[in-house]
Amino acid sequence: PDLMRAVAQAAWRYMDRLLDSFIACPSEVCFYDICWATGSNMGPRMFEAWVGEEIRRACQKVRAAGKYISLYTLGRIRELMDCMVDAGPHMIATFEPNEGDISLAEAKNRYGARVCLMGNFDCVVLARGSVEQARREAARCLDEAMEGGGFILGTADEVPADARPENLRAIVEVAREQGRY
């Protein structure tokens, strides 16, 4: 644990420099990547001990600069959500539908008044699905989280290199038809 704390402190110093660079640049939104922690299936006590302080500092620093911060996560995050939301980010992404353990609807219900949610569109549908499947997936995401605002329709991690352009267009069409685009 002592060696790991020393490594973590070195990493935090590096991340502080990255945050300083972000704050000095014209970009307004920082995606703070903590997928290394969320994707490793840490329990809430370990997450709080190893990541909580880091994300609280990052959120405070970015907010003090008048900019926005999103925590970029992966995997099973249900038990970590309280810690992440309490840290004070403006947004949390990505809410994976296949590897995750909290639905977008549950996250919206529990945390939607305190933090913006982003993601949840199944990336596999972009590459392997039909246009109709892409439309249904976009509508599902909007149905689960659009009500009352505080949701950004996006993918659950990435746009695959082999994504079908017609499926990407379908997402935009559904957002225009059903959302506030």
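Start at 1 with the first residue, then count along the sequence.
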* To do: Tell me, with the steps shown, if E144 and K108 meet salt bridge (charged side-chain N to carboxylate O under 4.0 Å, His left out).
  => CA-CA 8 Å; E144 288 189 28; K108 176 69 174 193; over 6 Å; no

* Determine the minimum heavy-atom distance between C141 and G119, stating which atoms define it. => SG-O, 4.3 Å

* Crowding at CZ, R63 (>12 non-hydrogen neighbours, <6.0 Å) -> yes

* Yes or no on side chain to side chain donor-acceptor pair (under 3.5 Å) for Y111 and E106, after CA distance, side-chain angles and deciding distance? -> CA-CA 8 Å; Y111 303 103; E106 179 184 351; over 6 Å; no

* Asked: Going only through I, L, V, M, F, W and Y residues with side-chain contacts under 4.5 Å, is there a path from Y68 to V115?
  -> no

* Cation-pi between R5 and W50: NZ/CZ under 6.0 Å from ring centre and within 45° of the ring axis? -> yes

Check residues 91-99 and write down every donor-acceptor pair under 3.5 Å in which the side-chain atom is one partner and the other belongs to a residue at least two apart or another chain.
residue : atom : partner : partner atom : Å
T94     : OG1  : T73     : O            : 3.3
E96     : OE1  : G75     : N            : 2.4
N98     : ND2  : D122    : OD1          : 3.3
N98     : ND2  : D122    : OD2          : 3.3

* To do: Give, for atom CZ of R128 and atom CG of N167, the distance between the pair rounded to the nearest 0.5 Å.
  => 11.5 Å

* Asked: Should we say atom CD of E48 is surrounded by more than 12 heavy atoms from elsewhere, each under 6.0 Å from it?
  -> yes

* Verify the neighbour count for atom CD of E28: are there more than 12 heavy atoms of other residues, nucleotides or ligands below 6.0 Å? => no

* R110 atom CZ, neighbour heavy-atom count above 12 within 6.0 Å -> yes

* Structure fact -> Residues C116 and F151: closest non-hydrogen pair is SG-N, 3.9 Å

